[in-house]
There are 2 protein chains.
Amino acid sequence: MTAPPAAGGRTLAHPAPEDIRLEDVLHALSDPLRLGIVRDLAGGRGELACSDFDVPVTKSTTTHHFRVLREAGVIRQVYRGTAKMNGLRRDDLDALFPGLLDSLLAAAARQEERRAHD
Amino acid sequence: MTAPPAAGGRTLAHPAPEDIRLEDVLHALSDPLRLGIVRDLAGGRGELACSDFDVPVTKSTTTHHFRVLREAGVIRQVYRGTAKMNGLRRDDLDALFPGLLDSLLAAAARQEERRAHD
DNA sequence: CTCATTCTACGAAGGACATCGTAGTTTGAC
DNA sequence: GTCAAACTACGATGTCCTTCGTAGAATGAG
């Protein structure tokens, strides 16, 4: 993991790539709120703080969902001052399951489009 | 309840293609047992009866898992005598989410291979 | 009709999950 | 040091999920 000096040094436990299980990834993404978070992260804007997301739940619940995503190996979280930055583990996921993440994101986009056209 | 019109053929409720939701599909596949069932169905042998699967749970539980898969729109179930035949809804899923099913199956196969090489 | 096979329905128990409120920790700024 | 901002930990609650056992219905064969 070799995190950079990361001011202060609170570190968060992330699963190693070989410990990422497909079932956990699918379960993490089966929640609409978490799927939305992942879609936002894949939007190209790089890392985002937890507070940058506009979710309809309290902060406690938000924390919970981010932890589920992190423990499933879907996102990477790093402290940066008082904020916690979130990034997609696209490299690891693509290496483990080639094409899966893109298919999932495309499916989610397609479904949203279909719903809007209704 | 009132007498079901199931004379000469019990029919089972399946979601219409436009009612299949990605979250439900992912949730259905996030269970190792159900993922295994889907992998078997994708194995090319076409339709299989519920009793053709060798799962480590009782029949009650097996019925439950098949129902979850059917209600999520992943499989199609049809009565045939005393047996209930199960088939993957590959056509519908491919139309809704192109490439998703193949990516998922490939990911599952890859994970199993990696586990065997350990 | 009787019977075995196959699957279902119902109820129950145990655990997991999503949600919240409150209290607390860490960090950076004043 | 004091304070606000961001996030976490803990406990609680209600809901859903998985599992099972038992009893029962539909079908086809004898």
Side-chain angles (χ1 to χ4, degrees), chain A residues 3-14 21 23-38 47-72 74-87, chain B residues 1-14 21 23-38 47-72 74-87:
Chain A
R10 274 179 296 175
T11 34
L12 292 156
H14 291 73
R21 295 192 321 150
E23 298 91 325
D24 293 338
V25 172
L26 296 184
H27 172 249
L29 298 182
S30 70
D31 183 284
L33 206 138
R34 291 194 291 257
L35 184 56
I37 289 173
V38 169
E47 297 189 327
L48 292 172
C50 290
S51 54
D52 289 339
F53 294 85
D54 196 19
V55 289
V57 293
T58 64
K59 286 194 177 181
S60 306
T61 307
T62 305
T63 297
H64 162 71
H65 286 300
F66 274 103
R67 175 160 44 182
V68 170
L69 286 170
R70 187 188 73 235
E71 292 181 345
V74 178
I75 65 171
R76 193 179 284 114
Q77 295 190 294
V78 176
Y79 280 105
R80 200 159 159 182
T82 70
K84 188 154 83 169
M85 306 309 291
N86 301 277
Chain B
M1 72 168 85
T2 56
R10 285 170 288 174
T11 34
L12 293 155
H14 291 74
R21 295 192 320 150
E23 297 92 325
D24 294 338
V25 172
L26 295 184
H27 172 249
L29 298 182
S30 70
D31 182 284
L33 208 136
R34 292 193 290 256
L35 184 57
I37 289 173
V38 169
E47 297 190 325
L48 293 172
C50 289
S51 56
D52 289 339
F53 294 85
D54 196 18
V55 289
V57 293
T58 64
K59 286 194 178 180
S60 306
T61 307
T62 305
T63 296
H64 161 73
H65 285 301
F66 274 103
R67 176 160 40 182
V68 171
L69 286 170
R70 187 188 74 236
E71 293 181 342
V74 178
I75 66 172
R76 191 179 284 116
Q77 295 189 293
V78 176
Y79 280 107
R80 199 161 162 179
T82 70
K84 188 154 79 169
M85 306 308 291
N86 301 278

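Since we're looking at a predicted model, the values are computed, not measured.
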Using a distance-only test with no angle check, is there a side-chain donor-acceptor pair under 3.5 angstrom linking B/T63 and B/S60? no

For B/L26 and C/dC17, give me the distance from atom CG to atom C1', rounded to whole Å. 17 Å

How many Å lie between CD1 on B/I75 and P on C/dC7, as a whole number? 12 Å

Residue pairs, two or more places apart or on separate chains, that pass salt bridge (charged side-chain N to carboxylate O under 4.0 Å, His left out) and touch residues 58-72 of chain A: none

Can you check the B/N86 CG to C/dT6 P distance for me, whole Å? 14 Å

From CZ of A/R80 across to C1' of D/dC7 the rounded distance in Å is 16 Å

Base contacts versus sugar-phosphate-only contacts with protein, heavy atoms under 4.0 Å: please encode nucleotides 9-24 of chain D as B, S and - from 5' to 3'. B-------SBBBBB--

For B/L12 and D/dA26, what is the distance between atoms CG and P respectively, to the nearest whole Å? 13 Å

Examine C/dC7: is either OP1 or OP2 under 4.0 Å from a nitrogen or oxygen in the side chain of B/S51? Give yes or no. yes

May I ask you to test the B/Q77-B/H14 pair for a side-chain heavy-atom distance under 4.5 Å? yes

Validation row: A/R34, A/H27 side chains within 4.5 angstrom (heavy atoms): yes

Both A/T82 and B/A83 contact DNA chain C. Taking the nearest nucleotide for each, which residue is further toward the 5' end? B/A83

Distance check needed: D/dA5 P versus A/Y79 OH, whole Å only. 19 Å

Would a distance-only check, ignoring hydrogens and angles, find a side-chain to backbone donor-acceptor pair under 3.5 Å from B/D52 to B/A49? yes

Between C1' on D/dC7 and CZ on A/R10, what's the gap in Å once rounded to a whole number? 7 Å

With a 4.5 Å limit on heavy-atom distance, are the side chains of A/N86 and A/F66 in contact? yes

